[in-house]
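Everything on this sheet refers to the single structure shown next.
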Amino acid sequence: MRVGVLTGGGDCPGLNAVIRSIVRKGVQTYGFEFTGFRDGWRGPLEGRTVPLDVPAVRGILPRGGTILGSSRTNPLQIPDGERRVRENLTAYEVDALIAIGGEDTLGVAASLAERGVRVVGVPKTIDNDLNGTDYTFGFDTAVNIATEAIDRLHTTAESHMRTLVVEVMGRHAGWIALHSGIAGGANVILIPEQPFDLDQVSAWVESRFRISYAPVVVVAEGAVPAGGRMVTQDDSRDAFGHVRLSGIGEWLAHELECRTGHEARTMVLGHLQRGGTPSAFDRWLATRFGLHAIDAVKEGDFGKMMALRGTEIVRVPLSEATQGLKTVDPSLYAEFDVFFG
Ligand code: F6P
């Protein structure tokens, strides 16, 4: 049996750990052969491949990024895209495909699976916004990076008695903001799921200065002021229709400076959150997802995504996992009220 592997969408730490795990178990336990498809769905679309065997995955466990490359190519938006993908899978004698990605990459996998393509999915994204799984790999590393940044920003904020606004990624979900904000002891955490009231945020910031502490505000890139609009980089959209977020941090710092009279600075963490070596937890989770994904292929259980439920890895239908986003529940956010201000 020959298995194709691709990584699509925004990269995240742990992708290489999954690839290694799939190949090691596939070769050693099942005697499978592999074809690596380059740059997400562009690989099967354009027939871009790389050799993938045990020597190719040696030493990649702790390495960030992906040895297969990634892209946000959507073959279903390209005329004849599906036919070209199918033809290339046949041309490369690929019997089954493992797609490692987030809602977009796996959304394509779900559509193809419904039309008979033999595909299995593995959930990755720093945003942790995929339905059906408690956690995606990449998220833990991003939260650790953001937490360390918040820790560091506290000390410089205190020295100068300034407000420090930390903008984190996460698109339309506030998971990174909430987890890193709580872990880093932020004084305000703003998430996309809860439009924020600027007067309330200013009051929290001022109350912090009143007791001689400098406030650290964590804001998710998709957070929105009540009655306002999401801040985007420009009007462009990717192949899946997403706008490029970022800018809310700068906007908020300016507003807070004007309202409170205290100097405010912004730190946009950006792609730092996606780069570099994965945390031990992400290596563990990615490795388990890989082992279970190749088992699903062996059993012919296609159209499924590997998912973490508690401590178990289970298989959920790709169609279910890619329907809607997993966002932060208001009751979870409300648990932390006591730390704001
Ligand atoms: O989905 C992962 C993510 O990092 C989001 O948090 C962010 O909005 C987006 O990707 C950034 O995309 P790009 O790397 O294409 O700028």
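In what follows, residues are counted from 1 in the order of the sequence shown. For ligands, and for the atoms within them, numbers begin at 1 and follow the listed sequence.
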- Item | Protein residues that have a heavy atom under 4.0 Å from any atom of ligand 1, sorted by chain and number | R72, I126, D127, M169, G170, R171, E221, H271, R274
- Task: Mind checking ring-ring contact (aromatic ring centres under 6.0 Å, His included) for Y135 and listing every partner two or more places apart, or none if nothing turns up?
- Result: F139
- Is the closest side-chain heavy-atom distance between L130 and K326 below 4.5 Å? no
- Query: Do S202 and L256 have side-chain heavy atoms sitting under 4.5 Å apart?
  - Reply: yes
- Item | Heavy-atom check, side chain of I19 versus side chain of L52, under 4.5 Å | yes
- Message: Counting neighbours of CZ on F339 that are heavy atoms of other residues, nucleotides or ligands and sit closer than 6.0 Å, is the number greater than 12?
- Response: no
- Task: Indicate yes or no: does D238 engage R244 in a salt bridge with an N to O separation below 4.0 Å.
- Result: no
